[in-house]
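Proteins get letters first, then strands, A, B, ... in listed order; numbering begins at 1 in each. Atom set for the values below is all heavy atoms of this structure, side chains included, hydrogens, waters and symmetry mates excluded.
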Amino acid sequence: MAEYKHKEVERKWQRYWADNKIFEANVDHNKPKFYVLDMFPYPSGAGLHVGHPLGYIASDIVSRFKRNKGYNVLHPMGFDAFGLPAEQYAIQTGQHPALTTAENIKRYKDQLQGIGLSYDWDKEVRTCDPKYYKWTQWIFSQLFSCWYNYDSNKAESIETLIAAFEKKGNKKINAACDDDTPIFDAAYWNRLSEAGKAKLLLKYRLTYPADALVNWCPALGTVLANDEVKDGFSERGGHPVERKKMRQWMMRITAYADRLVGNLNKLDWSASMKDMQTNWIGKSYGCELDFEVYDKDIALTCFTTRPDTIFGVTYMVLAPEHELVRELTTEEHREEVEAYVQKAINRSERERMSEIKTVSGVFTGSFVINPFTNEKVPLWIADYVLAGYGTGVVMAVPSSDDRDFRFATYYGLPVKRVIAGTEDLKDPTEIKHGKMINSGFITGMDSSEAVHATIDYAEKEGFGTAKVNYRIRDAVFSRQRYWGEPVPVYFTEDGIPRLLPESELPLELPPIDEYLPTKSGEPPLGRAKKWLYKGKYAYELTTMPGWAGSSWYFLRYMDASNDREFVSKEAAEYWNSVDLYIGGTEHATGHLLYSRFWNLFLYDRGYVTHEEPFQKLVNQGMIQGRSNIAYKLKDEHKFISAGLKKKYDVMELHVDVNIVHNDILDVEAFKKWMPDYKDAEFELEDGKFRCDFAIEKMSKRWYNVVNPDDVIEKYGADTLRMYEMFLGPIELSKPWNTHGIDGVAKFLRRLWALFYDADGKSLVNAGKPKAEEYKALHKTIQKVEMDIENLSFNTSVSEFMICVNALTQLNCHKKEILEKLLIVLSPFAPHIAEELWQSLGHEESIIHAEYPEFDESYIKEDEYEFPVMVNGKMRTKIKFALDKSPGEIENEVLENDVIKKWLDGKSPKKVIVVPKKIVNVVV
RNA sequence: GCCCAGGUGGUGGAAUUGGUAGACACGCAGGACUUAAAAUCCUGUGGCCGUUUAGGCCGUGCGGGUUCAAGUCCCGCCCUGGGUACCA
């Protein structure tokens with residue numbers, strides 16, 4: 001081939017890889033395994049843009065590198081195919097979401113293959129495929145059939161719980177269960193009807209139905225999980241979200257809260273990712289304290305992390321939703337309290353957001369007694385106390401809590417200072433820890449010491465216990481939508497949910513006529529005709545949320561076509577956990593938490609061999625759009641080049657970035673793109689029309705979407721791959737711009753030119769390489785290998801450029817050098833590497849080539865040029881043989897003319913010689 | 001408010017973790033080839049002073065500090081991005 005034709009080369013090798021199943025990976029005990037995973041995409045109608053492949057290319061480089069290193073690499077791809085957009089489209093057009101989804105997947109696959117990603121497509125999964133969701137339903141069934149035992153600290157079969165109830169009741173059972181679970185003995189249990197037992201067991205199951213306060217999104221007609229709501233609006237579509245109580249399936253993730261936090265330190269994840277999960281789970285240590293209500297036979301239990309400030313309590317607060325509000329309100333305050341509670345409950349999430357920091361509350365008329373002081377303090381109701389956290393009751397210490405302080409100041413409640421140093425402060429909450437004052441028996445202690453002392457005291461006296469609290473709530477698992485996995489549950493006459501037997505799985509989605517809720521407000525599945533279990537029992541009508549299918553797909557890849565198990569024991573054992581997982585940070589508190597939860601559960605049940613699914617996690621940054629802006633005179637069809645805009649009164653106009661190159665507008669293309677302006681005038685500078693730019697989200701609206709297909713068409717997939725890596729560190733968010741892409745394209749042409757001259761004649765010869773040639777090669781081998789281990793691909797691309805430039809300068813066309821260089825380069829630019837590899841006479845794919853070993857002896861220097869400094873300022877450079885001793889170097893430096901001049905006759909105080917680094921002479 | 005991450009030329013970004021700041025690339029300027037353009041190749045390119053040369057001074061958000069030596073470590077600020085928010 002005379003010149004490098006990327007289209008031909010790339011098409012040829014992509015076909016070769018697919019036809020020969022080059023990337024197929026199956027259990028092979030003779031080879032070490034390596035599992036590289038990408039977060040699988042939701043196939044949207046818009047197709048991939050140039051930002052998506054960033055992570056895919058990085059993981060592909062690692063996969064290909066590891067293959068050359070002799071690993072058996074599992075590198076799969078699939079599609080998170082259930083979801084809202086396809087359903088919304090179905091509502092508008094009537095087209096079944098399965099069709100839309102299949103079309104979108106086809107497009108995605110074509111695009112992914114065009115980038116030359118080395119996936120084993122035989123392992124592809126689609127979450128909407130019944131063969132796949134059969135096992136999603138199966139995992140749901142397993143969760144339904146288990147409870148969480150805090151004593152053994154793992155999930156156990158519900159049978160063990162039933163056996164325990166039959167013998168001893170639930171008193172001694174330390175289980176994760178609903179807060180309102182009654183305490184009973186064996187006799188009570190054994191007397192219960194079958195339905196009564198079933199009902200009670202629901203309080204223990206790891207997935208269970210409950211009336212939960214949920215995020216209801218009227219526009220989408222469904223509930224959303226906490227992580228799907230951003231600032232009171234739905235993450236998808238940006239519709240307002242309100243709080244509503246509804247019957248929902250829940251997942252008892254709180255049972256795993258402690259292990260989900262604890263295991264984080266075993267993982268190789270970024271600190272910020274771990275922080276996000278830690279904060280989301282929100283583990284806090286403290287205690288529960290009982291406060292007797294004055295004149296009533298009721299005690300209120302509050303949770304606090306600061307029992308040391310107990311002597312500073314001046315009032316107590318109840319959440320408006322608290323169940324005892326009515327009972328604890330005195331007659332004279334009833335009207336006021338009820339009005340306040342009504343208002344607080346009806347307020348939407350968004351109103352609460354906007355009113356944050358405004359103080360509001362109301363006095364109940366009741367008093368409680370501080371168990372430490374026997375003091376009588378007033379009981380208030382205020383919406384700054386959340387019903388869902390702790391016990392919904394707070395002991396208020398205005399002197400050390402900002403909110404309590406604001407509230408007390410506003411309502412004229414007393415402030416009692418209990419920490420030394422706060423006495424003279426206007427705002428005592430500025431100091432939160434220190435020596436205790438005015439605090440009975442803990443006076444003089446340090447606050448951390450006092451925490452323990454008060455808890456000990458409360459436990460001894462029987463009005464308190466140490467307690468760990470979590471911010472995380474059980475996850476809502478129901479969606480009032482059609483396009484999701486049906487929940488494998490039916491209801492018997494008594495209204496109790498029963499599990500569908502495993503032999504009935506998958507429970508497939510029934511066809512429906514319209515993808516909307518029924519007239520009576522039931523989810524779309526309510527429209528399915530004759531959709532009943534055994535012809536009479538109603539199925540659950542909600543479907544599973546998007547995260548159901550994505551919480552275990554990484555396990556399915558290991559054994560994707562197994563129809564007897566979700567993954568075989570052998571495959572699960574062999575592939576173990578994911579060695580490298582690449583994806584965006586947006587999944588920190590959703591997907592990555594739920595997956596860890598399900599994986600832990602499956603581990604407890606013995607189905608997988610590892611506690612944590614993702615050993616190493618890397619978050620690729622987002623690629624933002626780089627919009628181009630042209631300036632136009634306000635009332636004329638005249639455009640002004642950016643440099644001249646100051647002279648005129650101009651308006652901004654977004655122009656399609658695909659007709660702008662390096663900020664220079666292609667005027668002819670513009671006229672075609674915007675026919676309205678085909679006769680417009682253009683005022684140029686230096687014969688060019690320059691645009692300004694702005695960094696914005698990549699979106700059709702700003703005409704800044706760059707499609708990888710277009711880049712591949714123009715430059716080729718290898719250039720796209722290398723350029724995306726060259727753009728900067730993988731974790732960094734950066735705007736897409738093509739400013740430097742010519743540099744990468746040029747590099748590939750130079751590489752080609754090492755193999756072929758302009759007429760297509762091979763230049764490669766079998767000569768013995770010179771020392772410098774070896775040096776250039778081995779420096780690259782070393783650097784690139786280190787870079788891939790650290791995932792800093794941008795510097796590798798630079799290194800390749802340096803190497804090829806050096807070989808060009810040396811006029812080196814030696815087979816021995818070029819061959820090895822190709823292997824090192826092949827993960828980055830696989831198509832051209834394969835082509836040139838073949839041109840050297842190899843018949844097997846470069847995938848099977850052995851990665852060249854780095855040999856230090858080639859890059860060893862026998863002398864080193866020391867920068868020599870005087871008082872820390874660089875003055876000259878002197879070369880020394882490496883075996884020179886520091887003493888000899890020092891003597892020679894002091895003899896050097898330049899240094900002598902700087903010493904100016906004075907003798908140095910000391911001379912610092914750092915081998916292979918620097919010499920510093922201190923005067 | 002709290003918790004992270006970051007701030008280096010005209011631009012994207014390097015810097016072996018305390019040791020020659022600005023690798024590599026883009027852009028720009030000049031040159032070669034060409035009737036011309038494209039492509040390709042060569043040279044220069046942080047700022048200031050110095051006519052040139054030699055050279056010098058200043059420079060990694062700002063202000064201090066530690067050190068023979070600081071982009072890197074410590075203290076105090078300022079800005080940008082991400083997460084989270086009445087979580088007791």
Side-chain angles (χ1 to χ4, degrees), chain A residues 3 230-231 270-280 282-284 286 302-307 309 317 319 352-353 355-359 382-386 388-397 400-404 406-407 469-473 585-586 588-589 619 621-622 624 662-663 693 723 726-729 731-735 737-744 746-747 749-750 753 758 782-783 786 792 794-803 805 808 865-877 908-912 914-923:
Chain A
E3 55 180 314
K230 289 253 137 64
D231 301 329
S270 73
S272 69
M273 205 56 163
K274 291 184 186 181
D275 280 345
M276 266 190 241
Q277 291 211 342
T278 307
N279 293 339
W280 187 262
K283 182 176 185 174
S284 47
C302 72
F303 173 77
T304 180
T305 57
R306 295 297 307 275
T309 62
V317 202
R352 286 186 72 153
M353 292 276 187
E355 282 172 31
I356 226 162
K357 299 266 142 71
T358 56
V359 177
D383 64 359
Y384 79 84
V385 175
L386 304 174
Y389 182 77
T391 59
V393 184
V394 166
M395 60 175 231
V397 185
S400 64
D401 183 282
D402 313 335
R403 292 153 304 173
D404 296 346
R406 259 198 324 268
F407 192 85
N469 230 319
Y470 298 92
R471 197 192 80 116
I472 193 173
R473 306 290 144 76
T585 30
E586 66 273 20
T589 51
N619 302 113
M622 289 227 290
Q624 296 132 314
N662 290 347
D663 287 342
F693 69 91
Y723 186 60
F726 183 67
L727 224 40
E731 308 90 340
L732 230 69
S733 281
K734 55 228 154 189
N737 73 76
T738 45
H739 274 27
I741 200 163
D742 291 328
V744 174
K746 205 188 294 181
F747 157 76
R749 283 198 295 269
R750 281 171 165 230
Q782 185 195 29
K783 177 92 171 92
M786 247 167 55
S792 58
N794 55 332
T795 49
S796 297
V797 178
S798 294
E799 186 57 36
F800 285 124
M801 291 178 177
I802 295 169
C803 183
N805 284 345
T808 306
E865 193 176 43
F866 278 83
V868 183
M869 304 175 120
V870 177
N871 285 340
K873 289 225 186 289
M874 235 278 283
R875 292 309 174 195
T876 188
K877 291 175 191 170
K909 269 193 209 133
K910 60 176 160 176
V911 179
I912 294 138
V914 186
K916 281 195 85 174
K917 290 239 164 112
I918 209 148
V919 180
N920 193 4
V921 182
V922 187
V923 185

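Two residues are said to be in side-chain contact when any heavy atoms from C-beta on lie closer than 4.5 Å; A:Lys910 and A:Val922 meet this criterion. Considering only heavy atoms from C-beta on, A:Val397 stays 4.5 Å or farther from A:Arg306 through its side chain. Side-chain contact between A:Tyr384 and A:Asp404 is present, with at least one heavy-atom pair separated by less than 4.5 Å.
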Anything under 3.5 Å between a protein N or O and an N or O of nucleotides 2-6 of chain B, put it in a table, one pair a line.
none

Do any N or O atoms of the protein come closer than 3.5 Å to N or O atoms of nucleotides 35-42 of chain B, and which pairs are they?
from	atom 1	to	atom 2	distance (Å)
B:U40	OP1	A:Arg749	NH2	2.7
B:C41	OP1	A:Arg750	NE	2.9
B:C41	OP1	A:Arg750	NH2	3.0
B:C42	OP1	A:Gln809	NE2	3.3

Could you run down the sub-3.5 Å N/O contacts of the protein with nucleotides 65-73 of chain B?
from	atom 1	to	atom 2	distance (Å)
B:C68	O2'	A:Asn920	ND2	3.2
B:C68	O2	A:Asn920	ND2	2.5

Using a cut-off of under 3.5 Å, enumerate the N/O to N/O pairs linking the protein to nucleotides 14-17 of chain B.
from	atom 1	to	atom 2	distance (Å)
B:A14	OP1	A:Asn794	ND2	2.9

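Rounded to an integer number of Å, the gap from CG of A:Asn469 to C1' of B:A88 is 9 Å. Whole-Å rounding puts the A:Leu386 CG to B:C87 C1' distance at 6 Å. Atom NZ of A:Lys283 and atom P of B:U84 are 22 Å apart (whole Å). When rounded to the nearest whole Å, the span between CD1 of A:Ile918 and C1' of B:G19 equals 4 Å. Counting to the nearest Å, the P atom of B:G13 and the CG atom of A:Asn737 are 9 Å from each other. Atom CD in A:Glu586 sits roughly 12 Å away from atom P in B:U84 (whole-Å rounding). Nucleotide B:G12 holds its P atom 13 Å from the CZ atom of A:Phe726, rounded to whole Å. Summarising the geometry, the separation between CD1 on A:Ile472 and C1' on B:C87 is reported as 13 Å, rounded to the nearest angstrom.
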Problem set entry | Annotated protein contacts, base or backbone, on nucleotides 55-61 of chain B with a non-hydrogen cut-off under 4.0 Å, one of B, S, - each | -SSS---

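Checked against side-chain hydrogen bond (donor to acceptor under 3.5 Å, both in side chains), A:Ser792 has the following partners two or more places apart in sequence or in another chain: A:Asp787. Residues satisfying the side-chain hydrogen bond (donor to acceptor under 3.5 Å, both in side chains) test with A:Asp401, not counting sequence neighbours, are A:Arg403. Partners of A:Lys283 under the salt bridge (charged side-chain N to carboxylate O under 4.0 Å, His left out) rule, at least two apart in sequence or in another chain, are A:Asp258. For A:Ser400, there are no side-chain hydrogen bond (donor to acceptor under 3.5 Å, both in side chains) partners, not counting sequence neighbours. For the side-chain hydrogen bond (donor to acceptor under 3.5 Å, both in side chains) test, no residue two or more places apart in sequence or in another chain qualifies with A:Asn920. With sequence neighbours left out, A:Phe747 forms a ring pair (Phe, Tyr, Trp, His ring centres under 6.0 Å) with no residue at all.
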Exercise. When Watson-Crick pairs (N1 to N3 and N6-O4 or O6-N4) and G-U wobble pairs (N1-O2 and O6-N3) count only below 3.5 Å on both distances, what is the dot-bracket string of RNA chain B, with | for other-strand pairs?
Worked result: (((((((..(((......[....)))((((((.......))))))((((.....))))..(((((..]....))))))))))))....

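Distances shown here put a side-chain N or O of A:Arg403 below 4.0 Å from the OP1 or OP2 atom of B:C87. OP1 or OP2 of B:A88 has at least one side-chain nitrogen or oxygen of A:Tyr389 nearer than 4.0 Å.
For A:Met801, whose side chain is taken as the heavy atoms from C-beta onward, the closest listed nucleotide among B:A25, B:G82, B:U20 is B:A25. Taking every side-chain heavy atom of A:Lys734 into account, B:G13 is the closest of B:G13, B:A88, B:U20.
Of the P atoms belonging to B:G6 and B:C73, the separation is 10 Å, rounded to the nearest Å. For the P atom pair drawn from B:G71 and B:G1, the interatomic distance equals 31 Å after rounding to whole Å. Rounded to the nearest Å, the gap between the C1' atom of B:U11 and that of B:A23 is 16 Å. Separating the C1' atom of B:U66 from that of B:U72 is a span of 14 Å, rounded to the nearest Å. Look at the P atom in both B:G82 and B:A70: the space between them is 35 Å, to the nearest Å.
Note on A:Tyr470: nothing from the nucleic acid sits closer than 4.0 angstrom, heavy atoms only.
Glycosidic conformation at B:G7 (O4'-C1'-N9-C4 for purines, O4'-C1'-N1-C2 for pyrimidines): anti, more than 90° from 0. Glycosidic conformation at B:U17 (O4'-C1'-N9-C4 for purines, O4'-C1'-N1-C2 for pyrimidines): syn, within 90° of 0.
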